[in-house]
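Have a look at the structure below, then the notes.
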2 protein chains.
Amino acid sequence: MQINTVLKALSHPIRRDIITRLKLGPLTAGKLAAEYDVSKPTMSTHFAALKEADLIYSKREGVTITYYANLTVIEEALGSLMELMGAGNETTHSHPSNREGFISKSEKSS
Amino acid sequence: MQINTVLKALSHPIRRDIITRLKLGPLTAGKLAAEYDVSKPTMSTHFAALKEADLIYSKREGVTITYYANLTVIEEALGSLMELMGAGNETTHSHPSNREGFISKSEKSS
DNA sequence: ACAGTATTTAGCCATTTAACTAATTAGAGT
DNA sequence: ACTCTAATTAGTTAAATGGCTAAATACTGT
């Protein structure tokens with residue numbers, strides 16, 4: 001599992017939505033494509049990105065291709081994200097967002 | 001918290017590493033920049049991406065700028081990722097269902 | 001005011017990404 | 001074999017990303 005590939009795959013709203021839908025159950029490429037306002041070829045490249053990240057897999061059934069959420073890899077990826085971002089060593093510094101000297105984004109162009 | 005901005009911010013290895021380091025404690029832009037084999041201006045744009053996602057914040061101390069992990073937002077983002085990818089509604093996928101009209105086509109890329 | 005240090009902004013270039021249309025592949029039915 | 005449908009691949013284009021060097025900004029100390 002390549003964390004970089006997974007995060008790049010997740011960094012597009014359509015691809016995140018595909019994951020959400022497929023977690024509810026498998027869908028064919030055609031049905032999935034029909035849900036979004038982009039062309040089928042574009043959807044095909046989104047499928048490929050998710051497949052590359054191993055977040056989904058596909059099965060051909062006759063003339064149609066059905067996509068499935070790869071739940072084990074999704075769980076694995078979530079674990080890695082929790083390790084990256086989650087709890088641990090958070091006691092060494094406070095969070096003085098309102099302290100004097102804090103540079104906020106809105107304050108930037110003054 | 002914009003999930004798309006957060007995920008884009010996390011989709012670069014240097015930026016993920018910055019988060020990891022800052023979670024251990026604050027560091028100045030200079031010290032942080034010295035850790036990676038890219039120029040300081042390049043590091044500055046990485047800081048800006050993380051700041052834009054609100055994953056870090058900065059404080060000027062005289063001539064140096066110190067960066068801090070924004071732990072509350074990091075936790076929040078992790079929560080959203082868990083909601084997106086995590087447990088819940090993980091069907092057996094025993095029979096592909098015909099789900100029509102879940103989310104409208106108008107839900108498209110940002 | 002001037003010089004020095006830390007950091008960001010500006011401007012530029014190469015690479016990648018996301019979209020499109022057109023063409024191709026794969027299987028089913030006639 | 002031919003045709004229809006489903007989906008992908010090929011090829012193109014525009015925009016975004018990530019890197020660089022050089023210049024500008026912001027403060028400190030003299």
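Letters A, B, ... mirror the listed sequences (proteins, then strands); counts begin at 1.
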Output all residues satisfying side chain to side chain contact (heavy atoms under 4.5 Å, CB included) with [X], sequence neighbours left out; order by chain, then residue number.
| X | result |
| --- | --- |
| A:Asn70 | A:Asp54, A:Tyr57, A:Thr72, A:Val73 |
| A:Ser80 | A:Met1, A:Ile3 |
| A:Thr45 | none |
| B:Ala49 | B:Arg15 |

Rounded to whole angstroms, how far apart are [atom1] on [X] and [atom2] on [N]?
| X | N | atom1 | atom2 | answer |
| --- | --- | --- | --- | --- |
| B:Glu61 | D:dA26 | CD | P | 18 Å |
| B:Tyr36 | C:dT7 | OH | C1' | 17 Å |
| B:Asn4 | C:dT17 | CG | P | 15 Å |

Protein-proximity profile, nucleotides 3-19 of chain D, B/S/- by nucleotide at the 4.0 Å heavy-atom cutoff, equals --BSSBB--------SS
For B:Lys31, check side chain to side chain donor-acceptor pair (under 3.5 Å) against everything at least two apart and list the hits.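 Counting only residues at least two positions away or on another chain, B:Lys31 forms no side chain to side chain donor-acceptor pair (under 3.5 Å).
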